[in-house]
J.: 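Pasting in a structure now, in structure tokens, and then I'll have a few things to ask.
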Amino acid sequence: MSADALRIALVGNPNCGKTALFNLLTGGRQKVANYAGVTVERKEGRFVAPSGRVLQILDLPGAYSFDAVSPDEQITRDVLEGNYPGEAPPDLIVCVADATNLRLHLRFLLEVRRLGRPVVLALNMMDAARRRDIAIDVPELSRRLGLPVVETVAVRRGGAKALVARVDGELPLPAPVQADDPASRVDLHAEVRELLAATVSMPRQTAAVDDALDRWALHPVFGLAILAVVMFLVFQAVYSLGKPMTDLIGDGFGQLGEYLAASLPAGPLRGLVTDGIFTGLGTVLGFLPQILVLFFFILTLEESGYLPRAAFLLDRLMVSVGLTGRSFIPLLSSFACAIPGIMGTRSITDPRDRLATILVAPLMTCSARLPVYALLIGAFIPAHAVLGVFNLQGLVLFALYVAGILGAMLVGWVMKRIRRDRSEHALLMELPSYRLPKVRDVAIGLYERGMIFLKRLTGVILALTVLMWALSSFPAPPAGATEPAIDYSFAGQLGRGLAHLFGPIGFNWQMSLALIPAFAARETAVAALATVYAVGGDAGALAPALASQVSLASALSLLVWFAYAPQCMSTLAVIKRETGAWRVVALSFGYQFVMAYAASFLVYQIASALT
């Protein structure tokens, strides 16, 4: 970054389109990092203005007020005030406001203006405001505020031209610094009312289409039914849409592996390439389409404005089990990965509610478990149609996700009974307008998540796969050995030792061994099984090898284990950073291990008796 780059901070209330504006300006030239100490994510990118001036743009967490009640609001306030260690104050603050809902946004803008720094107001979603016949007198609003006001449409190409032109010129003069105290904040509400009366004409407070949809989406009975159907169809789609591509990738890697095996001379190198890299990594890579299908629907629901409504619907249910409606979105994020889900708990104001959400977030079925689920379901559950419409494999996958949710509710209920504070906290949140998801924003989200998966695949998963191949291949069996060579390897000896612990829940030594690398990354369990069985002489695809050597009861037990198993090392590290307490880390790991072992034991014993 050049020394003369202009530092611009994008701030605003949640759901104002701030991040969409950031993506429009920076495109792919962005990096993601975390603020030290509290693990709040921030995005930083660069943009070159028409004049050639370099703009360094920082996307700060959404905030409603400087009266911070959560870690993310605290970070935004400290950065803007220039009080955050190691973070230089911005040269210019761009306050992004939803033009269809200016009341809360203008109040926050007035707090920002008091800092005495150059400020520009970006009235975003102006296209939606015009569709609703909302008229805003922009020149008069600018005059009364004493700062530049520009119109933007962050989801449209060229929708930030006016903003770029304004920040590419001279910095606006800052307003005088004003004291920030509770008494003066009361006056802000009166000032906002005056501004709205003088500059905004709004036929109705909410859009007619939003009211019509919310009559069904927020209905206490039909709304819950709609939510259940939506989530059910999402998991059906994971199999019906993702499975063909998964099979295609698996077949392609299998053929490529056979070609390399025929062209390489016999020896350790051929074993590493074919049994280790191609069999291990290729098996995991094959599940990328199913993961992307799941992400696609989560991103679509997020962009449409439906997720806050789902949180509203589930608030009463979640409060009854010791959580809060605000827990819904962090928990839903945990279906992708528990790490951003745990980080998302910073929006929960009550410390005990936040701790409860952190502890149950790993029970949500993250995408890293999807390869394990897809492998075992594909190997042991027939692809039969149920009621002529639904896929049996998709139903089993949905049941596993439900099992994780029910487990989280059980843990939350127990925590509510044992903690001293049994008060219930009302859910207050803004419901954004419905909107059609933009292809560009969804595509960027899919690209980012796909690249995260590929980086893990070529990083930690590759390293663990090579290590597993080495443990499975060495040492060589002694002269005159009668057992399979892998039984004499380090992996065979370690796996048989672990089988004494996991034998009661139906795990053979190969399954027991795969749990070790899975602690570093869930997907590695699939790569480990593929490598161990390949080195052991089971040629061909992994699923048929499992089906021939593992009982249905053991497979069901392993599925249940991964539904409740202790989280990966990265998740434990984030829990430590978020809570600052090793005892919380120990509690999280310990209760999940006991829960997973007990559930797997019951499933294995029942399935063994019935099969």
J.: Side-chain contact, heavy-atom cut-off 4.5 Å: Q510 with Y533?
T.: yes
J.: Can you tell me how far CG of L397 sits from CG of L376, rounded to the nearest 0.5 angstrom?
T.: 11.5 Å
J.: Are V360 and S327 side-chain neighbours, meaning at least one heavy-atom pair lies under 4.5 Å?
T.: no
J.: Quick one: side chain to side chain donor-acceptor pair (under 3.5 Å) partners of S334, sequence neighbours excluded?
T.: none
J.: Under the rule for ring pair (Phe, Tyr, Trp, His ring centres under 6.0 Å), what residues qualify as partners of F398, not counting sequence neighbours?
T.: F232, F235
J.: Could you pull out all residues at least two apart from Q290 that satisfy side chain to side chain donor-acceptor pair (under 3.5 Å)?
T.: T246
J.: So does L292 get a backbone contact from the side chain of R449, meaning a donor-acceptor N/O pair under 3.5 Å?
T.: no
J.: Can you list everything that forms a salt bridge (charged side-chain N to carboxylate O under 4.0 Å, His left out) with D214? Sequence neighbours excluded, please.
T.: R309
J.: Hey, does E523 have a side-chain heavy atom less than 4.5 Å from the side chain of V372?
T.: no
J.: Can you name the side chain to side chain contact (heavy atoms under 4.5 Å, CB included) partners of L406, sequence neighbours left out?
T.: V402, M409
J.: Under the side-chain contact (heavy atoms from CB on, under 4.5 Å) criterion, do L498 and I516 qualify, and how do the steps go?
T.: CA-CA 10 Å; L498 290 172; I516 296 179; 3.4 Å; yes
J.: Do F66 and L80 have side-chain heavy atoms sitting under 4.5 Å apart?
T.: yes
J.: Determine whether a donor-acceptor pair (N or O, by modelled atom type, separation under 3.5 Å) exists between the side chain of E87 and the backbone of V79.
T.: no
J.: Residues in side chain to side chain donor-acceptor pair (under 3.5 Å) with S512, at least two apart?
T.: none
J.: Return the CH2 to CG distance between W582 and L587, rounded to the nearest 0.5 Å.
T.: 14.5 Å
J.: With L331 as reference, evaluate T357, T345, I405 under the side chain to side chain contact (heavy atoms under 4.5 Å, CB included) test and give the passing residue.
T.: T357
J.: If you compare all heavy atoms of L446 against all heavy atoms of L299, which two are closest, and at what distance to 0.1 Å?
T.: N-CD1, 3.7 Å
J.: Only counting residues at least two apart or in another chain, list the ones meeting side chain to side chain contact (heavy atoms under 4.5 Å, CB included) with L213.
T.: V209, Y434
J.: Specify the closest pair of heavy atoms between S65 and E111, including all atoms of both residues, with the distance to one decimal.
T.: OG-OE2, 3.1 Å
J.: Check salt bridge (charged side-chain N to carboxylate O under 4.0 Å, His left out) between R496 and all other residues, then give those that pass, not counting sequence neighbours.
T.: D487
J.: Any heavy-atom pair between the side chains of P504 and Y597 that's under 4.5 Å?
T.: yes
J.: Tell me if a side-chain donor or acceptor on K43 pairs with a main-chain N or O of L60 at a distance below 3.5 Å.
T.: no
J.: Please evaluate residues L58 and L10 with respect to the criterion side-chain contact (heavy atoms from CB on, under 4.5 Å), reporting the C-alpha separation (whole Å), side-chain torsions for both, the decisive distance (0.1 Å), and the verdict.
T.: CA-CA 6 Å; L58 180 64; L10 295 180; over 6 Å; no
J.: Run L515 and W561 through side-chain contact (heavy atoms from CB on, under 4.5 Å) and show every step you take.
T.: CA-CA 10 Å; L515 300 182; W561 170 270; 3.6 Å; yes
J.: Between R435 and S304, is any pair of side-chain heavy atoms under 4.5 Å apart?
T.: no
J.: Under the ring pair (Phe, Tyr, Trp, His ring centres under 6.0 Å) rule, collect the residues that match up with F562, sequence neighbours excluded.
T.: none
J.: Please determine if E73 and R77 form a salt bridge, counting it only when a charged side-chain N lies under 4.0 Å from a carboxylate O.
T.: no
J.: List the residues meeting side chain to side chain contact (heavy atoms under 4.5 Å, CB included) with A553, not counting sequence neighbours, and say none if there are none.
T.: S551, Y604, A607, S608
J.: Determine whether L494 and F490 make a side-chain contact, defined as any pair of heavy atoms from C-beta on separated by less than 4.5 Å.
T.: no
J.: How would you list, by chain and number, every residue that makes a side chain to side chain donor-acceptor pair (under 3.5 Å) with T579, sequence neighbours excluded?
T.: none
J.: Using the rule given for side-chain contact (heavy atoms from CB on, under 4.5 Å), can you reason through S554 versus F507, listing the C-alpha separation, both sets of side-chain angles and the distance that settles it, and then say yes or no?
T.: CA-CA 6 Å; S554 295; F507 293 4; 5.6 Å; no
J.: Please report, to 0.1 Å, the donor-acceptor pairs under 3.5 Å made by any side chain of residues 218-230, with sequence neighbours excluded.
T.:
residue: H219; atom: ND1; partner: V221; partner atom: N; Å: 3.0
residue: H219; atom: ND1; partner: F222; partner atom: N; Å: 3.2

J.: Taking C-beta and beyond as the side chain, do L400 and T365 meet within less than 4.5 Å on heavy atoms?
T.: no
J.: Is the backbone of I505 close enough, under 3.5 Å, to the side chain of S557 for a donor and an acceptor to pair up by distance?
T.: yes
J.: Backbone N or O of C16 within a donor-acceptor pair of the N13 side chain at under 3.5 Å?
T.: no
J.: If I compare all heavy atoms of F108 with all of C95, which pair ends up nearest, and what's the gap?
T.: CD2-SG, 4.1 Å
J.: Can any side-chain N or O of Y306 pair as donor or acceptor with the backbone N or O of T300 at less than 3.5 Å?
T.: no
